Amino acid sequence: MDVVVVESPAKAKTINKYLGEDFRVVASYGHVRDLPAKDGSVQPDNDFAMDWEVDPKARKHIEEIASALKGAERLFLATDPDREGEAISWHVARVLESRKALKNVDIKRVVFNEITRDAILAAFAQPRELDQELVEAYLARRALDYLVGFTLSPVLWRKLPGSRSAGRVQSVALRLICERETEIEEFRPREYWTVKGLFQTPDQHRVSANLTHLDGNKLDKFDLPDEAAAKAAVAAVERRTFAVAKVDRKQVRRHPAPPFITSTLQQEASRKLGFSATRTMQLAQRLYEGVAVGGETVGLITYMRTDGVQMAPDAVRACRALIEGDFGAPYLPSAPRVYKTKVKNAQEAHEAIRPTDVARRPAEMARFLDADQAKLYALIWKRTVASQMESARLDQVAVDIASPDRQVTLRATGSTVAFDGFFKVYREGRDDVADRDEDGEGQILPQLSVGQDLERLKVDAEQHFTQPPPRFTEASLVKRLEELGIGRPSTYASIISVLQDRQYVRLESKRFIPEDRGRLVTAFLTSFFERYVAYTFTAEMEAKLDEVSAGRIDWKNVLQEFWRDFSTAVEETRGLAIKDVLEALNQRLGPHFFPDTDGSDPRACPACHEGRLSLKIGKFGAFIGCSNYPDCRYTRPLVPMNRDEAETAKAAEIGPKTLGTDPATGLAVTLRKGPYGYYLQLGEATGEGKRKTKPKRVSVDRGTEPEQIDLDTALKLLSLPRTLGTHPETGESITAGIGRYGPFINMGDVWVSLKGDDDVLSIGLNRAITLIGEAMGKKPPGRTLGAHPADGKPVVLRRGRFGPYVAHGTTRATLPKGTDADTLTLDRAVEIVAAKESRTGSAGGRGKTAASKKRSAATAQADPATPASARGKASKSTGKGRSSRSGSATAADSSSEVETRAPRRRATRR
């Protein structure tokens with residue numbers, strides 16, 4: 001028996017059916033090993049030796065392959081036919097070799113462009129050896145990516161805290177997006193006007209025409225710069241009569257686009273279907289590996305990672321036969337169409353992406369596919385068939401309508417489809433308005449002849465403004481990368497995915513917008529590593545890697561040349577001061593972070609009005625701060641803010657707002673903003689160290705607008721919590737207050753949040769009793785055992801989360817083990833309550849909390865008047881808790897400046 005290794009179980013299942021019982025097809029599940037994600041996996045000083053590590057998830061798959069090889073004569077490596085597929089085969093062979101699993105086993109490589117019975121059998125009839133040149137191209141690319149990532153990323157982390165990482169190709173793609181955003185920000189719209197006239201022929205046909213000549217001169221785009229000029233042009237037209245001066249007729253041809261390659265498939269799927277590049281490749285992978293059709297698993301499309309536009313002769317003949325049969329001879333060109341790629345450095349190693357059998361029409365295949373698969377298959381099928389169809393022919397007409405003195409001329413244009421040709425099946429999409437062709441029908445003009453008089457019906461002027469260049473879509477970004485020769489078919493989807501995963505860009509309305517952290521990274525790299533994020537350098541490196549694939553240059557020479565200069569550039573940044581980094585970032589990104597919108601100084605500090613705003617770098621990343629620090633502590637984050645963050649920034653601008661003075665204490669009442677929202681404060685902290693006392697504070701309900709709080713409201717809030725009275729049945733006290741989660745009322749262990757019209761400042765005892773009753777009604781009811789002999793308050797037996805307990809006032813006492821709740825008497829309950837109160841030392845109360853115990857212990861330990869025995873007990877009671885608390889305080893103190901200088905929300909998240 002022979003063993004075949006492929007990447008996926010789906011592919012294995014399909015191929016095994018074609019090969020029969022003499023073969024066992026096993027899946028490797030992709031790459032079986034990679035470079036460990038740690039420094040030193042590639043060793044430039046050791047002739048670029050690489051340390052590979054088998055993926056733990058891949059070990060069981062390797063075991064399965066090794067087990068299958070026992071007694072086998074041949075191992076066929078049948079992974080994908082590109083560079084990455086060759087690398088997977090090479091890794092599998094090397095790992096099996098290291099395990100001594102290949103003794104007396106002949107290793108062969110087979111490649112196929114489609115998973116069909118004929119293609120598989122033909123490939124196995126012509127096996128080959130592993131392509132070492134393709135493997136070396138992979139090794140060079142993997143080493144380059146590793147060296148850039150693990151050398152450049154630490155520089156980013158040191159010099160630009162908050163950054164994620166940098167990649168060889170991803171950084172260049174990010175630069176494209178950031179520079180486009182800069183173009184948009186720097187763009188200044190320019191006003192211009194156009195004039196359009198509506199005319200009518202003697203037989204009542206209407207013709208719309210645009211003004212092209214005024215005062216005998218041809219108008220350029222900005223020759224009518226304002227409304228006054230436009231009105232003057234309208235008046236000039238209205239003063240004259242018009243007739244047809246010239247008629248131009250011509251026929252133009254529109255040719256079909258070539259069949260899909262990886263990049264164009266991703267572009268069209270984005271435009272027409274709304275699929276991301278990653279989603280497109282996932283669906284294409286499934287169509288390639290095979291689906292069940294009529295009881296047989298078959299691949300529906302050819303291999304989907306390709307930059308070749310050619311099709312196999314058999315596929316071309318099948319397309320032409322289908323076109324003639326389904327659409328007729330007029331739609332079939334006299335000779336097959338032959339396409340050549342326009343992609344830089346295209347390998348042309350594989351066919352274009354096409355159906356494996358064009359006779360499998362989309363409508364017939366839809367029942368075997370899910371909705372998205374069916375859409376993508378239909379797109380590929382239509383593009384393939386259209387690529388071999390006859391050209392479309394359009395009749396275009398241009399008519400000049402002029403005044404007798406030839407001082408004013410308007411032009412009318414129109415087009416009609418004389419023969420639809422490939423339009424009948426498919427029309428290629430466009431990304432932006434500026435790119436769109438006049439492929440369809442325009443204005444249909446009536447039959448006009450030179451000298452024919454036209455009646456002027458109306459003349460209108462329309463205002464326009466120039467538009468900035470559009471942001472990149474996934475389709476246009478892939479197209480631009482392809483034009484620049486950056487990346488390869490297998491990398492476009494991962495490039496886009498990595499940029500989004502690192503939160504360097506976001507996708508809004510299908511357009512890429514760079515995040516501020518992405519712009520910072522780009523500004524840093526272009527300032528200090530300009531060469532390595534240059535478009536030409538990256539494209540030239542891709543070309544060299546293709547040269548390695550072709551066997552024309554040595555892969556290690558490419559690495560040595562790159563590493564020599566790159567390592568020197570990285571070393572030069574080691575002594576780079578933070579102020580140098582900030583200066584470069586301020587210069588490059590100043591217009592973005594400090595736009596001049598209203599004529600005022602955008603860098604003026606809104607808090608102190610004296611300092612200058614600039615980029616700063618803190619422990620948690622970059623932010624904007626005032627030059628008057630520490631006297632002025634104004635900061636704001638770089639990243640876009642949500643509502644709460646915007647309020648925080650607003651509060652930072654105004655600082656604490658003084659509402660007035662408390663008449664009872666004479667202390668100032670201020671409104672402030674903290675990490676959990678707005679709060680009120682009475683006075684300021686006094687004392688130092690352990691004698692420092694915190695001022696009284698109370699939270700402001702999130703539903704209350706800060707602007708509506710006056711001194712009277714603030715004093716009422718600061719008086720919280722307030723006692724409403726006692727419950728008539730339990731005798732327990734009911735209070736109202738505001739906590740971290742909003743306003744509440746409380747009785748014992750019953751807490752009720754106030755909602756709707758219930759106001760914490762005005763709610764009365766009766767309403768509070770009702771709400772508490774409703775809340776308690778949701779719990780199992782308690783059983784009143786009787787009145788406590790000491791104070792007459794009720795003693796109630798209740799069942800809680802941890803079992804039955806006795807409640808008296810604010811004391812809660814769990815029943816001792818072995819006590820039967822059903823037979824519990826009042827006397828026994830009083831004994832249980834008394835025992836609990838004696839242990840806590842607070843008769844009638846709930847006792848000290850753990851926090852109060854720690855505070856008491858700490859006080860006893862610090863007070864020299866406290867007896868030694870008491871201090872010893874305090875020491876035991878605090879134990880590790882004291883060390884933990886002091887350690888936390890040290891950590892907080894050491895980072896206090898960072899938290900003050902950097903935006904508070906970032907410090908809180910950390």
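The chain is numbered in sequence order, starting from 1. Note that the structure is predicted; figures quoted are calculated from it, not measured.
- At a threshold of 4.5 Å between non-hydrogen side-chain atoms, the residues Y426 and V385 do not count as touching.
- Smallest separation of non-hydrogen atoms from A352 and F260: CB-O, 3.3 Å.
- Within the 4.5 Å cutoff, the side chain of L499 has heavy atoms near those of the I177 side chain.
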query: Are R471 and S509 close enough, and set up right, to give a side-chain hydrogen bond (donor to acceptor under 3.5 Å, both in side chains), and what steps lead you there?
result: CA-CA 10 Å; R471 292 186 175 101; S509 301; over 6 Å; no
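- Under 4.0 Å is where a charged nitrogen must lie from a carboxylate oxygen, and between K544 and E547 no such pair does.
- Rounding to the nearest 0.5 angstrom, the gap separating the CG atom in L287 from the CG atom in L369 is 6.0 Å.
- Salt-bridge annotation for K11 and E289: absent, with no side-chain N of the basic residue lying under 4.0 Å from a carboxylate O of the acidic one.
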task: Using the side chain to side chain contact (heavy atoms under 4.5 Å, CB included) rule, take R502 and L174 through it: C-alpha gap first, then chi angles, then the decisive distance, then the call.
output: CA-CA 11 Å; R502 291 176 181 168; L174 177 61; over 6 Å; no
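- In this structure, the side chains of V92 and T79 stay at 4.5 Å or more apart for every pair of heavy atoms.
- A 4.5 Å side-chain heavy-atom check between T116 and D357 finds every atom pair outside the cut-off.
- For the atom pair CD (E114) and CD1 (I301), the distance works out to 11.0 Å, reported to the nearest 0.5 Å.
- Relative orientation of the Y29 and H61 rings is parallel, given thresholds of 30° and 60° on the angle between their planes.
- In this structure a side-chain-to-backbone donor-acceptor pair under 3.5 Å is missing from S263 to K479.
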query: Can you list the steps and then say if Q132 with E136 is a side chain to side chain contact (heavy atoms under 4.5 Å, CB included)?
result: CA-CA 6 Å; Q132 190 59 31; E136 290 175 353; 3.7 Å; yes
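- At least one donor-acceptor pair closer than 3.5 Å links the side chain of T538 to the backbone N or O of A534.
- No option in D546, D131, V135 other than D546 meets the side chain to side chain contact (heavy atoms under 4.5 Å, CB included) test with R83.
- Both cation-pi conditions hold for R180 and F472: the charged atom is under 6.0 angstrom from the six-membered ring centre and inside a 45 degree cone around its axis.
- Here E428 pairs with R383 in a salt bridge; the nearest charged N to carboxylate O distance falls below 4.0 Å.
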- request: For L300 and F368, run side chain to side chain contact (heavy atoms under 4.5 Å, CB included): C-alpha distance rounded to whole Å, both residues' side-chain angles, the deciding distance at 0.1 Å, then the answer.
  value: CA-CA 11 Å; L300 292 184; F368 303 113; over 6 Å; no
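- Looking only at side-chain heavy atoms (C-beta outward), F512 and Q500 come within less than 4.5 Å of each other.
- Put simply, the side chain of S497 never gets that close to the backbone of A493: no donor and acceptor are under 3.5 Å apart.
- Under a 4.0 Å N-O distance rule, the pair R175/E530 qualifies as a salt bridge.
- In terms of modelled atom types and a separation under 3.5 Å, the side chain of T264 and the main chain of I261 share a donor-acceptor contact.
- Note: H91 NE2 to I88 CD1 = 8.5 Å, rounded to the nearest 0.5 Å.
- Ring geometry for F150 versus Y146: interplanar angle under 30°, hence parallel rather than tilted (30 to 60°).
- With T384 contributing its side chain and I380 its backbone, the two residues share a donor-acceptor pair below 3.5 Å.
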Stepwise side chain to side chain contact (heavy atoms under 4.5 Å, CB included) test for L147 and R168: CA-CA 9 Å; L147 289 171; R168 182 176 63 87; over 6 Å; no
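- Looking at M311 and T302, their side chains never come closer than 4.5 Å, going by heavy atoms from C-beta outward.
- Residue K108 qualifies as enclosed at atom NZ: its count of foreign heavy atoms under 6.0 Å is above 12.
- Atom CD of Q126 is surrounded by 12 or fewer heavy atoms from other residues, nucleotides or ligands within 6.0 Å.
- For the pair E84 and R305, the salt-bridge criterion is not met [side-chain N within less than 4.0 Å of a carboxylate O].
- Taking the six-membered ring where tryptophan is involved, the planes of F566 and F562 are essentially parallel, since the angle between them stays under 30° and well short of 60°.
- Look at R271 and E268 and you find a salt bridge, because one of the NZ, NE, NH1 or NH2 atoms lies within 4.0 Å of a carboxylate O, short of that distance.
- Going from atom CG of D82 over to atom CG of N113 covers 10.5 Å, rounded to the nearest 0.5 Å.
- Note that OG of S415 and CD of Q396 are 5.5 Å apart. Values are rounded to the nearest 0.5 Å.
- Formation of a donor-acceptor pair under 3.5 Å by the E542 side chain with backbone atoms of G485 is not found in this model.
- Using a distance-only test at 3.5 Å, with no hydrogens or angles considered, a donor-acceptor pair links the side chain of T356 to the main chain of G299.
- Atom CD1 of residue I496 and atom OG of residue S276 lie 8.0 Å apart, to the nearest 0.5 angstrom.
- Within 6.0 Å of CZ in R128 there are more than 12 heavy atoms belonging to other residues, nucleotides or ligands.
- Between C178 and T522, the closest heavy-atom pair is SG-OG1, 3.4 Å.
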message: Go through it in stages, so that I can follow the logic: the residues are R253 and E390, the test is salt bridge (charged side-chain N to carboxylate O under 4.0 Å, His left out), and I'd like the CA-CA distance, side-chain angles, deciding distance and then a yes or no.
response: CA-CA 10 Å; R253 298 170 71 87; E390 185 59 85; 3.3 Å; yes
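- Within a 6.0 Å sphere centred on NZ of K424, heavy atoms belonging to other residues, nucleotides or ligands number 12 at most.
- With hydrogens and angles ignored, the 3.5 Å screen pairs a side-chain donor or acceptor of E7 with a backbone N or O of D80.
- In plain terms, the two heavy atoms of F112 and P81 that are nearest each other are O-CG, 3.6 Å.
- The two residues I495 and A173 have their closest heavy-atom pair at CG2-CB, 3.6 Å.
- Counting heavy atoms from C-beta outward, R360 and V298 have side chains that approach closer than 4.5 Å.
- Of all the heavy atoms in A140 and L559, the pair that sits closest is O-CD2, 3.7 Å.
- In this structure, R511 does not pair ionically with E181, as no charged nitrogen and carboxylate oxygen lie closer than 4.0 Å.
- Within the 3.5 Å criterion, the main-chain N or O of A37 finds no donor-acceptor partner in the side chain of S41.
- Geometrically, R141 does not engage Y138 in a cation-pi contact defined by less than 6.0 Å to the ring centre and at most 45° from the axis.
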query: What's the verdict on ring pair (Phe, Tyr, Trp, His ring centres under 6.0 Å) for F124 and Y18, showing C-alpha distance, side-chain angles and the deciding distance?
result: CA-CA 11 Å; F124 275 81; Y18 298 150; over 10 Å; no
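- Heavy-atom contacts from other residues, nucleotides or ligands closer than 6.0 Å to NZ of K556 number more than 12.
- When atom types are taken as modelled, the side chain of D420 and the backbone of F423 share no donor-acceptor pair closer than 3.5 angstrom.
- You'll find the side chain of R337 stays beyond 4.5 Å of the side chain of F422, heavy atoms only.
- Considering all non-hydrogen atoms of both residues, I120 and I115 come closest at CD1-CA, 4.3 Å.
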